Number of protein chains: 2
Amino acid sequence: MKSKITLKELSKLLNVSISTVSKALHDSPEISPKTAERVKELAKLHNYRPNPVAVNLKKSKTGTIGVVIPNISNSFFARVLSGMEAEAQKHEQQVITYISNESLDREKQICDMLTSGMVDGVLIAVSEETQKKQEYDHLFALLDYDIPVVIYDRINLGLPADKIGVDDEKSFYDATKFFKEKGLEKIGLASAIHHVGIGQLRIKGYEKGMQDLDSLYMATSTKPAELKRKIKELITSEKVEALLCTDFESSIMATRIAYEENIKVPEELKLIGYISKEVAEYLTPSISYIEQHPQELGSQAVEVLNNRLEGKYESGQFEEKIIATTMVHLESTGF
Amino acid sequence: MKSKITLKELSKLLNVSISTVSKALHDSPEISPKTAERVKELAKLHNYRPNPVAVNLKKSKTGTIGVVIPNISNSFFARVLSGMEAEAQKHEQQVITYISNESLDREKQICDMLTSGMVDGVLIAVSEETQKKQEYDHLFALLDYDIPVVIYDRINLGLPADKIGVDDEKSFYDATKFFKEKGLEKIGLASAIHHVGIGQLRIKGYEKGMQDLDSLYMATSTKPAELKRKIKELITSEKVEALLCTDFESSIMATRIAYEENIKVPEELKLIGYISKEVAEYLTPSISYIEQHPQELGSQAVEVLNNRLEGKYESGQFEEKIIATTMVHLESTGF
DNA sequence: CTGAAAGCGCTTACAG
DNA sequence: CTGAAAGCGCTTACAG
């Protein structure tokens, strides 16, 4: 039980002033090499560590960044967090995690608490409910309090903040094009997130890729039973040759339906999912997927925030970064 | 851009002293109702929030707890974190997340930084490498600095700290018994984590459940290729009727091999996995699994830590809580 | 080269 | 009932 030693105690032990000790430990040129050495030696002996709370108060900052995550069970966000933590670590920042559970109320609570100055900046993926109700006052409150906000992943909401996301539209455009180039014609899309921003972008990419808007085959619903029925119809009645899925639910459901209906993947149906590597690889058959590089997204989000904190961006102007996606081919596309 | 108002500014505006303002806001009986009201009104108007860093310095605490997570992509840990965050929220504590990536070095770095007093207490699931090398000095360092530590999930390491975990041994004992009662005889076990504590406990539960140690069928390896070969042998040559899997890798691999070898699940082979609800439900066929209630584990871990911080436990004596598991039957057991 | 002083924003025992 | 003072642990401009 060493119980932390303070500058004051150190200074008493050394018979010098607190200022001298502090300066010595910061390699100030004001201090003679001799005293500097004495001080450092004793500090090391006692394993002195400055009290971070005191340092932060003095420097009028907190050394922490707040991350708001809509749903941590979604391994995409878990990986994003991991990238953030790694990058923050490099900047000696602590990551405080808040989970909104896709709830507007919870998000408001979190933002409210953050306005008190718990953190130097905030990284947020706006919850689904918030997007639906388009209530962004709590986010503006953060900006009012001069707390920089970086919006990650769910970025097409027209908010005045730095943003970093994934090229959702292009990824689906490319995937659609890919199937077309392979000579497939009947290409469908399944989505359980057609009502939220990123879902809409992915659908847009699909539509652009198809060009002819009469040849679209879409199964969309937020209700599992309804989505299932619709996907089944696409696969069995319409007999689409390929199916793009915009999210975890629809990807898994499509795999499942193909299995139940005895439709062979990839021979009779080719699938591309929007799911994490881990799940994609382990499904049977494994599902080709669009890799979003979540860790990269996370680490760059922290980078953007720190640039903002360090004044590297002009105020009033906002950064918008897009991370390119990669298509990963596994068994379900069979190429 | 409101830029936070301070007590000092408030007091100037009101023509009273800082102390008076502070007391009024804390409903001190020392203050006259009249001034109290005046103060509160203005505070509300300016949306005054005490600077948390200053409050913490004054109170010699940080208001935060540190959580060390070995691997956030593992949805078990993601859910544990979610439970911790929810509980911490109730206590108005912030959760600072650190990811060790199962690395001893990283874990040491984290603990080293934590000894400086970043947090009031630490929740940790010890990394695999740390367990393998049995190097726990960095954890003792935390205790030396009087920072309470709660070990969660990976608890059988004989460390002198409060612990909260899952009843790994019993869960496998029960699962084994369950198969036996259904009249199955050839019951096998697959494991990619036989070298770490929790793996060993699960295996022990299996062994106890089998009683006759000559009738064990085990496939264990940390190398995917070798594990695959061994599981395949159990399923095809040995023709076990049921297989218990101790972890994500072996669960998924077993499903996969059954599919590849055209062995029908559950008709020819019954499977129980140790994986998250989300993945279990979505596999084809869905996999019966042992539910560990990770959120519960997380929230109780925070509870234990707070009890310790509040001096509700005797020092020198350690709590050890066990969360009971539940078996969830899906298609792969077919009962 | 060293130290006294002010101050970061707050709380609280104490004096009046 | 109100306020001056000390102090949480640190940093840094300033005086000597």
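Everything numeric in this text was worked out from a predicted model, so none of it was measured. Here is the naming used below: chain letters follow the sequence lines, and residue numbers restart at 1 for every chain.
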Testing the 3.5 Å rule here: is there a donor-acceptor pair between the side chains of [X] and [Y]?
{"X": "A:E296", "Y": "A:Q300", "value": "yes"}
{"X": "A:D120", "Y": "A:T62", "value": "yes"}
{"X": "A:T20", "Y": "A:S17", "value": "yes"}
{"X": "B:Q93", "Y": "B:E87", "value": "no"}
{"X": "A:S32", "Y": "A:T35", "value": "yes"}
{"X": "A:E107", "Y": "A:Y98", "value": "no"}

Exercise for the section: On DNA chain D, check which nucleotide each of A:K58 and B:K59 is closest to and give me the residue with the more 5' one. Expected result: B:K59

Problem - Residues in salt bridge (Lys or Arg N to Asp or Glu O under 4.0 Å) contact with A:K312, at least two apart in sequence or another chain - result: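 A:K312 satisfies salt bridge (Lys or Arg N to Asp or Glu O under 4.0 Å) with A:E310 only.
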
Handout entry: First-last contacting nucleotides on DNA chain D - partner chain B, under 4.0 angstrom, heavy atom
Key = D:dC1 to D:dG9

Handout entry: DNA chain D-proximal residues of residues 28-36 of chain B, any heavy atom under 4.0 Å
Key = B:E30, B:I31, B:S32, B:P33, B:T35

Practice task
Within residues 10-26 of chain A, find the residues that approach DNA chain D with a heavy atom at under 4.0 Å, and present them sorted by residue number.
Solution key: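 DNA chain D contact set from residues 10-26 of chain A: A:I18, A:S19, A:S22, A:K23, A:H26.
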
Side-chain atoms of residues 68-77 of chain B: list all donor-acceptor pairs with protein atoms under 3.5 Å, sequence neighbours left out, distances to 0.1 Å.
| residue | atom | partner | partner atom | Å |
| --- | --- | --- | --- | --- |
| B:N71 | OD1 | B:S73 | N | 3.0 |
| B:N74 | OD1 | B:F76 | N | 2.8 |
| B:S75 | OG | B:S276 | OG | 3.2 |

Salt bridge check: are [X] and [Y] linked by an N-O gap of less than 4.0 Å?
{"X": "A:K132", "Y": "A:E128", "result": "no"}
{"X": "B:D27", "Y": "B:K40", "result": "yes"}
{"X": "A:R106", "Y": "B:E85", "result": "yes"}

Handout entry: Within 6.0 angstrom of A:E320 CD, more than 12 heavy atoms from elsewhere
Key =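 Yes, enclosed.
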
Practice task
Determine the interatomic distance between P on C:dG9 and the same-named atom on D:dT2; round to the nearest Å.
Solution key: 25 Å

Completion exercise
For DNA chain C, the expected dot-bracket line (Watson-Crick or G-U under 3.5 Å, [ ] crossing, | inter-strand) is |||.||||||||.|||

Practice task
Compare every heavy atom of A:R154 with every heavy atom of A:V126, then report the nearest pair and how far apart it is.
Solution key: O-NH1, 2.8 Å

